[in-house]
Structure formats: structure tokens, C-alpha cells
2 protein chains.
Amino acid sequence: MSKSELRILGQDDTDAACCSPMVREPLDASDAADLARMFKALGDPVRLRLLSLIASHEGGEACVCDLTGPFDVSQPTISHHLKVLREAGLVGSERRANWVYYRVVPAALARLSSLLQIAPAPAKGGVRA
Amino acid sequence: MSKSELRILGQDDTDAACCSPMVREPLDASDAADLARMFKALGDPVRLRLLSLIASHEGGEACVCDLTGPFDVSQPTISHHLKVLREAGLVGSERRANWVYYRVVPAALARLSSLLQIAPAPAKGGVRA
DNA sequence: GGTTTGTATCGACATTCATCGATACAGCTC
DNA sequence: GAGCTGTATCGATGAATGTCGATACAAACC
């Protein structure tokens, strides 16, 4: 398993219904703690670039050997950052032969994205035209 | 002024064109540093709930007096967190009489949201509808 | 089996961060 | 002006974080 799990991105409604944007209602404390762990994982430039490199890599996955090159930090540091992303649920990893391949977890990114989504036209009375 | 600034949310295209999702191409280092500061600001449960409270408050704004109640932390701590959100560009503040009102900066949230947006159908071979 | 290559863990260190109490500042009301 | 209320800043402190070199683990290759 875990390889054949390629589900369509916004399609799994187990997670899809979870996240109305936070303009609609205030987050409760437990949701906030959960989401904050994910945002915190994104709160480092190296990790952000790592995620971007993984997401934009061909096939949607990249091995660690592809990721250590573009940075000025050491290999243990890259490994540490990947672990943070993995434990936040933003990426998953799989070992194939000598290499470990990382790929993004689309549902996690979609959850954060939709949380930050803002109503395009709030129809809030005074703001009209 | 500054009160009449209520522009429609996703409408200002000055920032709207900035952000192709990071699946399309890897972020460069300076963009990543900029974005990481914003995500880091979201990486705390108190700040996330603060932002949510502000965004969901009627009129799209809330005074600090509305924000200190729901938390177990002290008033200076709330003030500190609001400062972090403000310096990250996620909220703006305005003083009116005794009270200071905070409101979200929609363009900032939209930028982060669209960055995390994932291509709805990557045309990955098998996954098509 | 020994060696080599790719990745993760360990221990240490400097820096940043979240939090607090005390206090200062801003603006209202009397 | 005096006092009051709402908010921000200051200084301190314990905890978390990013980084490194050294080292351990995993899998291939000879």
C-alpha cells in the first residue's frame, strides 16, 4: 500500500468537508493546534523550498539526493527538515533501493489552502460597488 | 481615509498575479524567505485563533478587547501575537478612540492560499475522472 | 564479507520564541 | 488636570528551533 494510494486531490470528502475558511467561524483550540503544527512546518525558508522542490519535481516526487544540492546547509539539516515536514503530514516518504523518495500529501496542502481562502464577495452590506 | 479603504477582497490585481502555486516551479530563496515569515506567523495556535477571530468577527474587524477574552494567556501576550501578525503583513490595525481595531489583509491570505493550491487534475496517467 | 553510497540519528550549541509581570503610553470622562 | 480604561512596550526566563560534525543504519556492488 501507500504507493497505490494515489487518490484524486480534492476528491476525498473525508477531509474535504473539514475546513471551511476561517472567516466563517473561529477555530476551536484543538483545530488551531493541529493546523498550527502544519503552518509552523511551512515557517522556514528551507522547508518551504524543499516542499516546492518536491512538488514541482517530475513525477511529483524527489529523492533526497535531488534535494541536498540546491541548499547551503548540510545533509543532516536537510534530513531534519524533511522529518519536520513528514511529521507535520505535509509530505510522505518511501524507500526504493538506496534512495528515499519524498512526495507531497495533496490533501494536507489543500486543507491549509482552503482554510486561508477568503470569500470573494462577502455581500456585507456597505461594501457594494 | 483608511476607513474608506474597504476594497473588495480578491480584487486588487497588484498582488494577485504574483503567486503561481509551488507545484509549478520551485521557489527561489528570496521568495521563500518572504513567505516563510508569513507562514511562521501562522505557526502558533494562539495566532491562528486570533486571525480567525478577527476574520470571522462582524464587520471584518475586531478590537483587542474582543480578542483577549477567549484566551488563557495574558494581555501583553495577545498584544505580542498581534504584533507578529501585523509585522508579517497578515493583519492591519487602526486606532479609533480608546480601542485598536484589527482586520485581516485579504491579499496576504490569498497569496498564501493560492501558493498551496494544487493542480486539480495533474493528468498523471491513471487518475483522470 | 568488505566497501561504498545514500540517508537518518545523536549530541551539542547558539539563537529565537512564547510567556509573564511591571510599567509606559493614548485617549476618554469628569 | 486627575483619574480611568484600553493597549503597547520592556526586561526576564524557560522552552523550542536550526544548524553542525560525528556516527549509525540500509542497501547495493565487488
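Throughout, a chain's letter reflects where its sequence line sits, starting with A, and its residues are numbered from 1.
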Nearest whole Å is fine: how far is [N] [atom2] from [X] [atom1]?
| X | N | atom1 | atom2 | value |
| --- | --- | --- | --- | --- |
| B:Leu85 | C:dC17 | CG | C1' | 14 Å |
| B:Leu48 | C:dA18 | CG | P | 13 Å |
| B:Leu82 | D:dT9 | CG | P | 11 Å |
| A:Glu87 | D:dA16 | CD | C1' | 14 Å |
| A:Leu50 | D:dG18 | CG | P | 12 Å |
| B:Phe71 | D:dT7 | CZ | P | 14 Å |
| B:Glu94 | D:dA8 | CD | P | 13 Å |

Measure the spacing between CG of B:Leu42 and CG of A:Leu35 and express it to the nearest 0.5 Å.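 The CG atom of A:Leu35 is 10.0 Å from CG of B:Leu42, to the nearest 0.5 Å.
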| said: Using a strict threshold of under 4.0 Å (side-chain N to carboxylate O), is an ion pair present between A:Arg111 and A:Asp34? | reply: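 Judged by the 4.0 Å cut-off on N to carboxylate O distance, A:Asp34 and A:Arg111 do form a salt bridge.
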Contact class for B:Tyr102 (heavy atom, under 4.0 Å): base, sugar-phosphate, or nothing?
->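 Sugar-phosphate, backbone atoms only, no base.
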Side-chain touch [X]/[Y], heavy atoms, less than 4.5 angstrom:
| X | Y | answer |
| --- | --- | --- |
| A:Leu51 | A:Leu109 | yes |
| B:Leu53 | B:Asp66 | no |
| B:Ile78 | B:Val46 | yes |

Letter by letter from the 5' end, nucleotides 19-24 of chain D scores (B base, S sugar-phosphate only, - none; protein heavy atoms under 4.0 Å) BBBB--
Readout for nucleotides 24-30 of chain C: B = base within 4.0 Å of protein heavy atom, S = sugar-phosphate only, - = neither; 5' to 3' it is --SBS--
| Who pairs with A:Arg49 by side chain to side chain donor-acceptor pair (under 3.5 Å), at least two apart in sequence or on another chain? |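 For A:Arg49, no residue satisfies side chain to side chain donor-acceptor pair (under 3.5 Å) once neighbours in sequence are set aside.
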Cation-pi geometry met for B:Arg96 and B:Tyr101 (6.0 Å, 45°):
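Satisfied, under 6.0 Å and within 45°.
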Looking at D:dT17, I'd like to know if its phosphate oxygens (OP1 or OP2) sit under 4.0 Å from a side-chain N or O belonging to A:Lys40.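 Looking at the OP1 and OP2 atoms of D:dT17, one of them is under 4.0 Å from a side-chain N or O of A:Lys40.
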On a heavy-atom basis, which atom in A:Ser113 and which in B:Leu116 lie closest, and how many Å separate them?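 Scanning both residues completely, I find the closest heavy atoms to be CB-CB, 3.8 Å.
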Under 6.0 Å from the CG atom of A:Asp72, do we count more than 12 heavy atoms belonging to anything else shown?
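No, because the 6.0 Å sphere around CG of A:Asp72 holds 12 heavy atoms or fewer from other groups.
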